Amino acid sequence: MIQQIHFYDIPRNRDEDDRTWNPNTSKTRLTLTYKRLPYKTIWVEYPDIERVCKEIGAEPSAFGLLKEGKPYYSLPVIHDPNTGTTISDSIRIARYLDKTYPDTPAVIPAELEAFHAVFEDAFWDTIFMPLFPFLVPAACPQLNPRSEAYFRETREGKFGSILGGKMENWAPTGPVRDDRWKALQAGFTKMAGWLSADGQERPFFMGEKLCYTDIVVGAWLISVKKVFGSDHPEWLQVEKWDGGRWSRLVQVVENF
Ligand SMILES: N[C@@H](CCC(=O)N[C@@H](CS)C(=O)NCC(=O)O)C(=O)O
C-alpha cells in the first residue's frame, strides 16, 4: 500500500478545510488528487520556507519569482516516504510522480516535455504578469500575520517599482484597474486562441485528454476564485470569458 506523501503548502488564515489558496502549490495538490495518490498536507508559513526546505533536504527552486542570484527556496515541495525522495518545483514533482507511479495517469507524457517548457515561458507573460497586480494584493491580507508581512515586503520590494509602489496601488478601482483588467482578459483570450489554433475547439491542451498544462491553468483559476471569492463580480466575469471555457476547466479540476 502506498504511504501518504508529505505535501508542503502555504496556508491562508482560514479553517483547515479552507486554507488552500496558493496557485503554485495548487499545481501539486491537483496533480496528487488527479493521480489519486494519498497525501497529507504540512502547512508552512512564508518566512519558514527556507528553513523547512533545508531541514528536509529540498533543493532550491530551479526557477522562480525572487531568485536573482541567490538560492530561492519555494513551495510546493513533496517528501515521498515510499522512496525516501524529496522534490521541489511543481513541474519536477509532476515528472517524479509520473515516473514513480506509472499506474497513475501520466500528466507529462515524454513527447510533451518541450511543449511544457515552452508553455511555462508563454504563461509567464500572458497570464502570470497581468494577473499579479490583482491576485497578490487580494491574497496578502488573507495570510497569517508573519506571512503577510513577509509577502508584502518581498513582493513590493521586487515589483513595487514597476507596478506602482505599495500593492494597494497596483490595481486601484478606476481607470488603472480597468486597463489592467482588460490586459488580463486579453491574456486569457490569447490562451483560448492557443487551444483552438486550427479553428477547432478543444477542452484541453492535448485535445480530449488532460495534461499538466491544464492543471497549471486550473490551479491559477482556482486560486483566483478562492482569493476573490466565488461570488465576486470580477470572478463572475472570468467565468464568462471565452465562452465560459475557464469556468468549465475549473469544474473539471475541482472534481478530480
Ligand atoms: N517554480 C516554482 C515556483 C514556486 C513558487 O514561486 N512558490 C512561492 C509560493 S507563491 C514560494 O514558495 N515563494 C517563497 C518565497 O516567497 O520566499 C513552482 O512552480 O513550483
Side-chain angles (χ1 to χ4, degrees), residues 9-15 17-27 29-30 45-47 64-66 74-75 122-195 216-251 253-254:
D9 195 358
I10 304 159
R12 63 174 176 172
N13 57 12
R14 302 283 167 92
D15 292 339
D17 61 353
D18 192 26
R19 276 189 198 151
T20 61
W21 67 278
N22 187 284
N24 283 309
T25 56
S26 292
K27 295 181 259 176
R29 184 182 290 280
L30 289 174
E45 296 293 342
Y46 271 100
L65 189 61
L66 307 165
S74 71
L75 298 185
F123 186 80
W124 184 273
D125 287 336
T126 310
I127 305 292
F128 176 88
M129 281 316 292
L131 183 56
F132 202 77
F134 294 96
L135 193 58
V136 168
C140 192
Q142 298 182 17
L143 301 178
N144 289 313
R146 287 176 61 238
S147 284
E148 183 182 358
Y150 174 95
F151 193 72
R152 176 179 285 281
E153 188 188 325
T154 50
R155 274 58 185 172
E156 285 180 353
K158 166 109 184 170
F159 293 95
S161 58
I162 48 166
L163 288 174
K166 287 185 82 63
M167 56 175 75
E168 285 72 18
N169 300 331
W170 294 358
T173 311
V176 173
R177 190 173 188 88
D178 296 348
D179 282 355
R180 290 195 165 158
W181 188 250
K182 275 190 207 130
L184 178 62
Q185 180 174 6
F188 272 97
T189 300
K190 184 172 174 188
M191 188 161 63
W194 300 339
L195 279 149
V216 171
V217 179
W220 282 88
L221 286 164
I222 282 190
S223 179
V224 175
K225 182 176 176 183
K226 286 201 165 210
V227 169
F228 281 26
S230 56
D231 52 359
H232 189 282
E234 286 174 334
W235 170 253
L236 298 175
Q237 286 181 41
V238 176
E239 283 194 322
K240 294 203 188 76
W241 287 349
D242 305 306
R245 74 147 43 246
W246 310 118
S247 162
R248 290 194 290 279
L249 178 61
V250 166
Q251 271 171 31
V253 295
E254 279 179 346

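Nothing here was measured: the structure is a model prediction, and the numbers come from that model. Along the sequence shown, residues are numbered consecutively beginning with 1.
Ring-plane geometry between F188 and W241 is classed as tilted, the angle between the planes lying from 30 to 60 degrees on a 0 to 90 degree scale. A tilted orientation is assigned to the rings of F132 and F128, their planes being inclined by 30° to 60°. Between F123 and W220, the ring-plane angle classifies as tilted under the 30° and 60° cut-offs.
Under 3.5 Å, the side chains of S247 and K240 contain no donor-acceptor pair of N or O atoms. Remark: the N13 side chain and the Q142 side chain contain no N/O donor-acceptor pair separated by less than 3.5 Å.
Two residues are said to be in side-chain contact when any heavy atoms from C-beta on lie closer than 4.5 Å; V227 and F134 fail this criterion. The side-chain heavy atoms of N22 and S223, taken from C-beta on, include no pair separated by under 4.5 Å. In this structure the side chain of M191 never reaches within 4.5 angstrom of the side chain of D242, judged on heavy atoms. Using a 4.5 Å cut-off on side-chain heavy atoms (C-beta onward), D9 and L75 make no contact.
Panel note: side chain R12, backbone D18; a donor-acceptor pair is recorded below 3.5 Å. When atom types are taken as modelled, the side chain of R248 and the backbone of G243 share a donor-acceptor pair closer than 3.5 angstrom. Distance alone, capped at 3.5 Å, is enough to place a donor-acceptor pair between the E156 side chain and the M167 backbone. Side-chain N or O atoms of S147 include none that pairs as donor or acceptor with a backbone N or O of L143 at under 3.5 Å. W21 places a side-chain N or O within 3.5 Å of a backbone atom of I10 that can act as its donor or acceptor partner.
Remark: E168 engages R152 in a salt bridge, criterion side-chain N to carboxylate O under 4.0 Å. Salt bridge R177/E234: present, at least one basic N to carboxylate O contact under 4.0 Å.
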Q: Test W181 against V238 for side chain to side chain contact (heavy atoms under 4.5 Å, CB included), laying out the working first.
A: CA-CA 10 Å; W181 188 250; V238 176; 3.8 Å; yes
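Here the CG atom belonging to L221 is positioned 11.0 Å from the CZ atom belonging to R245, to the nearest 0.5 angstrom.
A search for side-chain contact (heavy atoms from CB on, under 4.5 Å) contacts involving N169 returns K166, not counting sequence neighbours.
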